[in-house]
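Here's the structure, in structure tokens; my notes come after.
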Amino acid sequence: MFVQQLYTGCLSEAAYFIESHGEAAVIDPIRDIDLYIALAKERNATIKYIFETHFHADFVSGHLDLSKAAKAPVVYGPGAETAFDVIVATDGQLFSVGNITLEVLHTPGHTLESSCFLLRDENRKPHAVFTGDTLFVGDVGRPDLAQKAGNHSKEDLAGLLYQSLQSKILTLPDDVIVYPAHGAGSSCGKNLGKETFSTIGEERLSNYALNQPDKAAFVKAVTDGLSDPPVYFPLNVAINKKGYKNIDLLISEGMKPMDAGSFKNAIGEDEAVALDTRAAVDFTQGFVPGSINIGLEGRFAEWAASLIGLHQPIYLITDKGKERESIVRLARVGFDNVKGYLAGGFDAWRSKGEEMDMIIDIEADELAMDLPFDENAVVVDVRKESEFNNGHLKEAVNLPLHSLTDPGTLSDFEEHHNLYLHCQGGYRSVIAASIFKRQGIHNLRNVLGGWAAMEKLEKLNERIEKN
């Protein structure tokens, strides 16, 4: 028996490849499927099944493309409805893969069709459970993503989740390995642990949700403090239910080089977005006016889907050789409208003498020196509200990055304001600065190192407060 977790860090997503005696199964594949095909070839195995724990909201699954490539059926749990052929399994149904067995455990709560898959070894002993978004390390799946299905409230779904965990998961032996679909950073839970796998025994002891005294306490614990889910979540669910373009076709459509003149004309079209995927430190030194920076080095796809419409025409500016990676990572969250890229990158734009823009970077100590004397200073903190509450400058306005595209969010700023933008470390503040610039707000500075640098300065100590 062979089990491999395939973790995609920028999505905090875990897929799984399981093989026994020349037969394999893949659980929760992402959209670019080459790795699964390569693993099957390496293991000299045939992919027999593709299992989906639920309809994913935070990424587009690779289930359809992998099914076609491997000629293997897609398996969902009870109640799943799709626009394409799948096996809708029954609770307790068994699927053999070589000498091992995968048992369907219907665990509604995160979504109604959510199911876990219990792996039994050659002796039918429970070995591992693939929990999807039902159970994470240190957390459970949020119960507010499927409220429209059957008119359930988040409290209703949390109650179902409690029953699922008590009757299907916590009855398993303590040594059974827990393999969830997500790790820390995912928006599918409130506060996932940093580890990407655990055991039933460890979760029984340390998971806050599993240590509530009764159902009512559980419901309150898992529903309190939920932030709004990202706006693209329901769109990804719909894509996963209805189907999508083949990823190779998307790559072919997006890998079209454009000279500076053609690129300039294209990004002038209605709703077109020039997306610059270079690192923040490079972007601030010079960029195409009106372009949005979301660097590949961070949670690129998640922020792109939160800030840009999935069907807006996108034209890329990337480091040389990063064009394909940018397209693939966008496709993972549902973008299917990349129209081309600037050949030669920003250097080609600059060499043609085209207009360019910049963002002023300042160190945290420069901010500390400016604040006492600049009566027009406005500090804009683009971290999450929870981060802001843990510590911020008294003068700061909290505008979480995901809110900057909401109509009217930036309307309160005036020309005489001197804006100082920061996040925790510098990645999100440059995204924010590019959005401000795109909206015609140019009197701004980006604080290098963000809050991590600011809170270390003795000069700012008296200006820091916590909620």
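Bear in mind that the values here come from a model prediction, so they are computed numbers and not experimental data.
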Legend entry - Closest non-hydrogen atom pair between L307 and T405, with its separation: O-CG2, 3.5 Å

Inset, instruction - Would you check if C423 and W451 make a side-chain contact, meaning some heavy-atom pair closer than 4.5 Å? - result: no

Inset, instruction - Compute whether any side-chain donor of one residue and acceptor of the other, for D374 and N418, lie under 3.5 angstrom apart. - result: yes

Legend entry - Presence of salt bridge, R43 and E19, under 4.0 angstrom: yes

Legend entry - Gap between atom OH of Y232 and atom OG of S187 - 0.5 Å precision: 6.0 Å

Inset, instruction - In plain terms, say whether D361 and R445 are close enough for a salt bridge, that is, a side-chain N and a carboxylate O under 4.0 Å apart. - result: no

Legend entry - From CZ (F17) to CG (L35), nearest 0.5 Å: 9.0 Å

Legend entry - Test: E387 and R428 ion pair at under 4.0 Å: yes

Legend entry - Verdict with supporting geometry, S114 and T107, side chain to side chain donor-acceptor pair (under 3.5 Å): CA-CA 5 Å; S114 282; T107 51; 5.6 Å; no

Legend entry - Side chain proximity check, I30 to E13, heavy atoms < 4.5 angstrom: yes

Legend entry - Check: E202 side chain, T199 main-chain N or O, donor-acceptor pair, under 3.5 Å: yes

Legend entry - Whether K437 side chain and I359 backbone form a donor-acceptor pair below 3.5 Å: no

Inset, instruction - Taking all non-hydrogen atoms of both residues into account, name the closest pair between A72 and I47 and its distance. - result: CB-O, 3.4 Å

Legend entry - Contact check, side chains of K190 and L226, non-hydrogen atoms, under 4.5 Å: yes

Inset, instruction - Would you check if the side chain of E323 reaches a backbone N or O of G321 as a donor-acceptor pair within less than 3.5 Å? - result: yes

Legend entry - Closest non-hydrogen atom pair between V430 and A280, with its separation: CG2-CB, 3.6 Å

Inset, instruction - Evaluate whether atom CD of Q312 has more than 12 neighbouring non-hydrogen atoms of other residues, nucleotides or ligands under 6.0 angstrom away. - result: yes

Inset, instruction - In plain terms, say whether D347 and R350 are close enough for a salt bridge, that is, a side-chain N and a carboxylate O under 4.0 Å apart. - result: yes

Legend entry - Close side-chain approach of D336 to H311, heavy-atom, < 4.5 Å: yes

Inset, instruction - Name the orientation class of the two ring planes belonging to H417 and F413 (parallel below 30°, tilted from 30 to 60°, perpendicular beyond 60°). - result: perpendicular

Inset, instruction - Indicate yes or no: at least one non-hydrogen side-chain atom of F136 is less than 4.5 angstrom from one of P180. - result: yes

Inset, instruction - For residues Y16 and F117, establish whether the separation of their ring centroids is below 6.0 Å. - result: no

Legend entry - H182 and D58 side chains, donor-acceptor separation under 3.5 Å: yes

Legend entry - Non-hydrogen atoms of I360 and L444 that approach each other most closely: CB-O, 4.2 Å

Inset, instruction - Measure from the side-chain N and O atoms of E203 to the backbone N and O of G138, and report whether any donor-acceptor pair falls under 3.5 Å. - result: yes

Legend entry - Check: L296 main-chain N/O paired with R329 side-chain donor or acceptor under 3.5 Å: yes

Inset, instruction - Please round to the nearest 0.5 Å and tell me the distance separating atom OG of S434 and atom CD1 of I292. - result: 5.5 Å

Legend entry - Trace of the side chain to side chain donor-acceptor pair (under 3.5 Å) decision for D406 with S403: CA-CA 6 Å; D406 295 341; S403 72; 5.1 Å; no

Inset, instruction - Could you tell me which non-hydrogen atom of P143 sits nearest to which non-hydrogen atom of T223, and how far apart they are? - result: CG-CG2, 4.0 Å

Inset, instruction - Kindly check if the number of other-residue, nucleotide or ligand heavy atoms within 6.0 Å of CD (E414) is above 12? - result: yes

Inset, instruction - Enter the distance from L399:CG to I435:CD1 here, rounded to the nearest 0.5 Å. - result: 11.0 Å

Legend entry - Test: K459 and D365 ion pair at under 4.0 Å: no

Inset, instruction - Could you tell me whether a side-chain N or O of W303 sits under 3.5 Å from a main-chain N or O of G298, the two making a donor and an acceptor? - result: no

Inset, instruction - Look at the aromatic rings of F263 and Y315 and report parallel, tilted or perpendicular, splitting at 30° and 60°. - result: perpendicular

Inset, instruction - Look up atom CD1 in I308 and atom CZ in F335, then write down how far apart they are to the nearest 0.5 Å. - result: 5.0 Å

Inset, instruction - Evaluate side chain to side chain donor-acceptor pair (under 3.5 Å) for Q5 paired with T196, printing each intermediate quantity in order. - result: CA-CA 9 Å; Q5 183 184 73; T196 62; 2.8 Å; yes

Legend entry - Pair L275-L330, side chain to side chain contact (heavy atoms under 4.5 Å, CB included): steps then yes or no: CA-CA 11 Å; L275 177 59; L330 287 169; 4.1 Å; yes

Inset, instruction - Assess whether atom CG of D224 is packed by more than 12 heavy atoms of other residues, nucleotides or ligands within 6.0 Å. - result: yes

Legend entry - N398 side chain to H392 side chain, donor-acceptor N/O pair below 3.5 angstrom: no

Inset, instruction - May I have the step-by-step check of side chain to side chain contact (heavy atoms under 4.5 Å, CB included) for H422 and D381, ending in yes or no? - result: CA-CA 5 Å; H422 79 86; D381 187 333; 3.2 Å; yes

Legend entry - Short side-chain to backbone donor-acceptor contact, E113 and A80, under 3.5 Å: no

Donor-acceptor pairs under 3.5 angstrom involving side-chain atoms of residues 240-249: please list them, not counting sequence neighbours.
{"from": "N240", "atom 1": "OD1", "to": "S61", "atom 2": "N", "distance (Å)": "2.8"}
{"from": "N240", "atom 1": "ND2", "to": "H56", "atom 2": "O", "distance (Å)": "2.8"}
{"from": "N240", "atom 1": "ND2", "to": "F59", "atom 2": "O", "distance (Å)": "3.0"}
{"from": "N240", "atom 1": "ND2", "to": "N236", "atom 2": "O", "distance (Å)": "3.2"}
{"from": "Y244", "atom 1": "OH", "to": "S61", "atom 2": "O", "distance (Å)": "2.8"}
{"from": "Y244", "atom 1": "OH", "to": "H63", "atom 2": "ND1", "distance (Å)": "3.4"}
{"from": "Y244", "atom 1": "OH", "to": "L64", "atom 2": "N", "distance (Å)": "3.0"}
{"from": "K245", "atom 1": "NZ", "to": "E253", "atom 2": "OE1", "distance (Å)": "3.4"}
{"from": "N246", "atom 1": "OD1", "to": "D248", "atom 2": "N", "distance (Å)": "2.8"}
{"from": "N246", "atom 1": "OD1", "to": "L249", "atom 2": "N", "distance (Å)": "3.3"}
{"from": "N246", "atom 1": "ND2", "to": "D65", "atom 2": "OD1", "distance (Å)": "3.4"}

Inset, instruction - Taking all non-hydrogen atoms of both residues into account, name the closest pair between T277 and S326 and its distance. - result: OG1-OG, 3.2 Å

Legend entry - R299 versus S12, side-chain donor and acceptor atoms under 3.5 Å: yes

Legend entry - Sub-6.0 Å ring centroid separation between Y76 and F55: yes

Legend entry - Euclidean distance, R332 CZ relative to L11 CG, rounded to 0.5 Å: 6.0 Å

Inset, instruction - Output, in order, the C-alpha distance, side-chain angles, deciding distance and verdict of side chain to side chain contact (heavy atoms under 4.5 Å, CB included) for I239 and V60. - result: CA-CA 7 Å; I239 292 170; V60 175; 3.9 Å; yes

Legend entry - D139 side chain to Y208 side chain, donor-acceptor N/O pair below 3.5 angstrom: yes

Inset, instruction - Determine the sole option in D28, I18, V75, V74 for which the side-chain contact (heavy atoms from CB on, under 4.5 Å) test with F51 is passed. - result: V75

Legend entry - Residue N44 excluded, over 12 heavy atoms near CG under 6.0 Å: no

Inset, instruction - Tell me, with the steps shown, if E297 and Y427 meet side chain to side chain contact (heavy atoms under 4.5 Å, CB included). - result: CA-CA 9 Å; E297 77 273 19; Y427 178 78; 3.6 Å; yes

Inset, instruction - Give a yes-or-no answer on whether the side chains of S429 and N446 include a donor-acceptor pair shorter than 3.5 Å. - result: yes

